[in-house]
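What you see is a predicted model, and the numbers here were worked out from it, not measured in a lab. In what follows, chains are A, B, ... by sequence order, proteins preceding strands, each numbered from 1. Scope of the values below: all heavy atoms of this structure, side chains included, with no hydrogens, waters or symmetry mates.
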2 protein chains.
Amino acid sequence: MKSERNLTLSDLAKLAGVSTSTASRALNNNPVIKLATRERIQALAKEHNFSINAAASRLRTQRTNVVAVILNLIEHTEQSINDPFLLKVVGDLNQALNDKGYELLLSNSFMAKDDWYNYFINSRRADGIIVVGQAKSEQKAIDAAKAGAPLVVWGDSNTQSNYPIIGSNNRLGGKLAAQHLIENGHTRLVFLGDTGHAEMNERYQGYLDAHKAAGLTADPTLVFPIDLTSQAAYNAVNETILKRGLHFDGIVSCSDMVALGALKALKERYISIPGEVAIVGFDDIAMAELLHPALTTIRQNTRDAANKMVEQLLNQLNGEPAFSDVIDIELVVRKSSV
Amino acid sequence: MKSERNLTLSDLAKLAGVSTSTASRALNNNPVIKLATRERIQALAKEHNFSINAAASRLRTQRTNVVAVILNLIEHTEQSINDPFLLKVVGDLNQALNDKGYELLLSNSFMAKDDWYNYFINSRRADGIIVVGQAKSEQKAIDAAKAGAPLVVWGDSNTQSNYPIIGSNNRLGGKLAAQHLIENGHTRLVFLGDTGHAEMNERYQGYLDAHKAAGLTADPTLVFPIDLTSQAAYNAVNETILKRGLHFDGIVSCSDMVALGALKALKERYISIPGEVAIVGFDDIAMAELLHPALTTIRQNTRDAANKMVEQLLNQLNGEPAFSDVIDIELVVRKSSV
DNA sequence: TTGAAAGCGTTACCAT
DNA sequence: ATGGTAACGCTTTCAA
């Protein structure tokens with residue numbers, strides 16, 4: 001109930017007839033305390049609904065057991081916050097962090113103060129930072145890492161950086177997507193994505209790899225450097241068809257949401273999929289298999305990625321070296337391409 | 001840099017040639033301190049990258065300025081974590097909380113320990129709790145509120161409870177959806193949603209209201225009490241058509257994701273939409289307007305809802321009374337129904 | 001308008 | 001195996 005003053009550790013110790021030190025050790029399962037004593041005190045704590053005061057504990061230990069997760073949204077495209085892929089990553093991170101005894105403080109790049117190191121780490125709000133989404137400018141992450149913030153970024157792991165980056169094998173993903181379309185007889189492939197963005201550029205390189213491997217030359221006018229939103233994709237596909245007619249027969253998209261926008265533009269014009277235009281997405285969000293036609297896509301293993309990000313962050317917290325790493329991806333073939 | 005010991009408030013005070021008290025007041029913009037002094041010290045803090053130690057501050061003030069947001073997922077349907085609607089709500093809550101100077105600690109009902117009051121409030125991890133998604137059982141919320149946790153729940157605001165519930169006008173939503181279909185000549189309306197769930201039942205009541213208002217009698221065999229997932233909807237629609245043929249001409253869905261599953265089942269059978277079957281969703285997630293056909297739906301104003309939830313939570317934190325409240329909804333007509 | 005000092009509740013060092 | 005005690009860094013009461 002609200003009224004009764006909160007039990008403190010020393011109150012609990014008194015109830016148990018031991019010192020505060022012993023009570024503290026008992027609750028932390030310190031083996032130096034006799035097992036019987038430990039169990040007795042833990043039971044007493046439960047009985048009295050006692051919880052360690054996290055603020056005091058954090059002040060004393062200088063650790064919070066909290067990790068700040070920053071969604072690095074791209075300015076001016078508020079859409080990206082609606083991308084289901086992000087939620088999946090956040091959900092998996094929450095799971096992975098909880099498994100290791102950490103909690104997740106959610107933030108995003110619009111709201112987080114500029115100085116991530118000071119705001120989260122120096123102020124002891126969190127022990128480390130995980131950034132989801134490599135924006136075009138990574139200055140804040142670079143600064144934070146330079147200041148000494150334990151930090152892991154989701155993004156393109158080939159990028160040179162002073163912090164570990166975990167990400168999918170984007171180049172392979174782009175290659176698998178284009179290769180799949182080429183093998184099914186589509187050769188004029190639109191690339192829907194901004195090659196100025198590190199991850200997207202990797203996918204584009206993979207797209208080029210596939211062309212080269214097939215002895216084809218990619219047409220640079222088929223690259224549409226759009227924002228990562230359905231709306232942008234819809235507009236881009238509409239415009240190019242208006243201007244040049246149906247001058248392509250396949251689309252490699254940088255996300256499933258982007259593919260969705262493209263799909264809509266095509267369907268509105270009664271262009272048959274995959275007959276006239278085949279399309280491949282990226283991410284494999286839940287919705288992909290529910291579209292009509294179901295969307296062929298490159299699945300990113302977010303569970304695995306989340307675990308690896310947390311692992312590399314914990315390495316830093318423990319003073320061990322941490323490294324960038326690549327996550328396997330796989331092509332999931334559905335009706336939009338065959 | 002990592003090596004240099006952290007500046008404390010008293011260090012900063014020394015640098016400024018004032019007492020710790022003065023420095024503390026200056027950083028908190030306490031008007032009792034001369035403006036010039038305040039500005040001088042704030043500038044000094046910025047210059048030295050000083051940040052108040054949140055742990056110490058929280059211990060001393062007994063406030064965290066953190067709110068725990070718990071995603072109350074329904075066991076056994078892991079899909080719900082993928083519902084984009086949830087991310088939207090979380091994003092808006094983050095925004096609303098930040099506007100009021102609070103941070104968002106993310107949790108979900110699988111991971112949050114059973115005893116929310118103890119874990120979040122008693123332990124001073126957070127000042128209050130916002131629960132998103134009224135599961136069928138609200139026992140944890142009831143217990144937390146009984147224990148004195150400042151608590152607000154997103155759900156059906158008509159439910160009797162010992163805590164404020166903010167939610168959409170679900171009954172009106174259900175009515176608008178059914179009414180819209182009826183007005184467009186559809187009279188055998190499937191209701192896709194579990195009426196054992198408070199919010200869904202309200203929508204169902206609205207669905208019944210619309211029938212009554214039109215002088216129609218709803219057919220109880222058209223109610224499919226499915227889980228809130230696309231897959232469940234897909235299966236339910238497939239099965240009923242297999243068993244009974246196309247014995248309905250409209251669908252009122254309990255979420256856009258559910259509508260998506262239904263849509264897929266219909267399209268696979270080449271049933272024309274909205275010609276043979278018209279369909280209305282619920283939520284208005286970003287994807288709704290991008291489906292083909294674009295999905296008519298009931299828009300939930302999550303921004304407004306987030307602000308109201310935060311408002312009612314702050315009321316409790318300030319010892320003021322807090323109340324349940326209803327959020328306006330609106331019918332958004334698109335191609336899936338006309 | 002400013003300063004001194006107590007105290008928030010824990011943990012960990014040093015004793016025993 | 002357990003206890004005494006200092007210290008973590010801040011805010012706030014009281015005094016000047």
Side-chain angles (χ1 to χ4, degrees), chain A residues 4-42 44-45 48-66 101 118-119 121-127, chain B residues 4-42 44-45 48-66 101 118-119 121-127:
Chain A
E4 60 191 54
R5 197 173 91 10
N6 260 328
L7 219 57
T8 72
L9 184 59
S10 79
D11 296 336
L12 187 74
K14 243 165 256 163
L15 284 172
V18 298
S19 72
T20 339
S21 329
T22 302
S24 172
R25 294 188 184 108
L27 292 182
N28 289 317
N29 238 328
N30 188 328
V32 88
I33 300 293
K34 210 194 321 179
L35 183 61
T37 318
R38 263 186 279 161
E39 287 176 341
R40 185 164 58 84
I41 294 179
Q42 286 169 11
L44 202 67
H48 288 272
N49 285 327
F50 173 79
S51 257
I52 281 287
N53 182 317
S57 175
R58 288 170 184 172
L59 173 58
R60 178 59 231 228
T61 60
Q62 308 277 46
R63 310 187 74 240
T64 61
N65 284 295
V66 168
N118 262 310
Y119 187 71
I121 308 302
N122 198 14
S123 74
R124 299 274 136 58
R125 262 169 252 271
D127 297 333
Chain B
E4 62 189 53
R5 197 175 88 14
N6 259 328
L7 219 56
T8 71
L9 184 58
S10 79
D11 296 336
L12 186 74
K14 241 166 257 163
L15 284 172
V18 298
S19 72
T20 339
S21 331
T22 302
S24 170
R25 294 187 182 109
L27 292 183
N28 290 319
N29 237 328
N30 188 329
V32 89
I33 300 293
K34 211 196 316 180
L35 183 61
T37 317
R38 262 186 279 161
E39 288 176 340
R40 185 164 58 84
I41 295 179
Q42 287 170 10
L44 202 64
H48 288 271
N49 285 328
F50 173 78
S51 255
I52 281 288
N53 182 316
S57 172
R58 286 170 185 173
L59 173 58
R60 175 61 230 230
T61 60
Q62 308 277 46
R63 310 188 75 240
T64 63
N65 284 296
V66 168
N118 262 309
Y119 187 71
I121 309 301
N122 197 14
S123 74
R124 298 273 137 60
R125 262 168 250 272
D127 297 334

Colleague: Starting at atom CZ of Arg58(A), determine the distance to atom P of dC10(D), rounded to an integer number of angstrom.
Modeller: 16 Å
Colleague: Is Gln62(B) near enough to dT11(D) that one of its side-chain N or O atoms lies under 4.0 angstrom from OP1 or OP2?
Modeller: no
Colleague: Would you compute the distance between atom OG1 of Thr22(B) and atom CZ of Arg38(B) and round it to the nearest 0.5 angstrom?
Modeller: 12.0 Å
Colleague: Rounded to the nearest Å, what distance is computed from the CD1 atom of residue Ile52(A) to the C1' atom of nucleotide dT11(C)?
Modeller: 9 Å
Colleague: Quick one: Leu7(B) CG to dG9(D) P, roughly how many Å, whole number?
Modeller: 11 Å
Colleague: When the distance from CZ of Arg124(A) to P of dC8(D) is rounded to whole Å, what number comes out?
Modeller: 12 Å
Colleague: Please list all pairs passing the salt bridge (Lys or Arg N to Asp or Glu O under 4.0 Å) test where one or both residues lie in residues 49-62 of chain A, with sequence neighbours left out.
Modeller: Arg58(A)-Glu103(A)
Colleague: Any donor and acceptor pair, going by atom type alone, linking the side chain of Asp127(B) with main-chain N or O of Thr64(B) inside 3.5 Å?
Modeller: yes
Colleague: Could you tell me how far apart Leu9(A) (CG) and dG3(D) (C1') are, to the nearest whole angstrom?
Modeller: 13 Å
Colleague: Summarise protein proximity over nucleotides 1-7 of chain C in one line of letters, 5' to 3': B for base, S for sugar-phosphate only, - for none, counting protein heavy atoms closer than 4.0 Å.
Modeller: BBBBBBB
Colleague: I'd like to know if the side chain of Ser123(B) and the backbone of Ser51(A) have a donor-acceptor N/O pair within less than 3.5 Å.
Modeller: no
Colleague: CG of Asn122(B) versus C1' of dT10(C): gap in Å, rounded?
Modeller: 14 Å
Colleague: Taking the side chain as every heavy atom from C-beta outward, state whether Arg125(A) and Val66(B) have any atom pair closer than 4.5 Å.
Modeller: no
Colleague: Within less than 4.0 Å of OP1 or OP2 of dT11(C), is there a side-chain N or O belonging to Asn28(A)?
Modeller: yes
Colleague: As a quick check of understanding, evaluate side-chain contact (heavy atoms from CB on, under 4.5 Å) for Leu9(A) and Leu27(A), giving each step before the final call.
Modeller: CA-CA 10 Å; Leu9(A) 184 59; Leu27(A) 292 182; 3.8 Å; yes
Colleague: Please tell me if the side chains of Phe50(B) and Leu44(B) come closer than 4.5 Å, counting only heavy atoms from C-beta onward.
Modeller: no
Colleague: Please report, rounded to the nearest Å, how far the C1' atom of dA12(C) is from the CZ atom of Arg63(A).
Modeller: 15 Å
Colleague: OP1, OP2 of dC10(D) versus side-chain N and O of Ser24(B): anything below 4.0 Å?
Modeller: no
Colleague: Specify the angle, to 10°, made by the local axes at the two ends of the helix from dT1(C)-dA16(D) to dT16(C)-dA1(D) when five pairs are taken at each end.
Modeller: 30°
Colleague: Can you measure Arg125(B) atom CZ to dT10(C) atom C1' for me and round it to whole angstrom units?
Modeller: 13 Å
Colleague: Determine whether a donor-acceptor pair (N or O, by modelled atom type, separation under 3.5 Å) exists between the side chain of Ser10(A) and the backbone of Thr20(A).
Modeller: no
Colleague: Do Asn122(B) and Asn6(A) come within less than 4.5 Å of each other through their side chains, counting heavy atoms only?
Modeller: yes
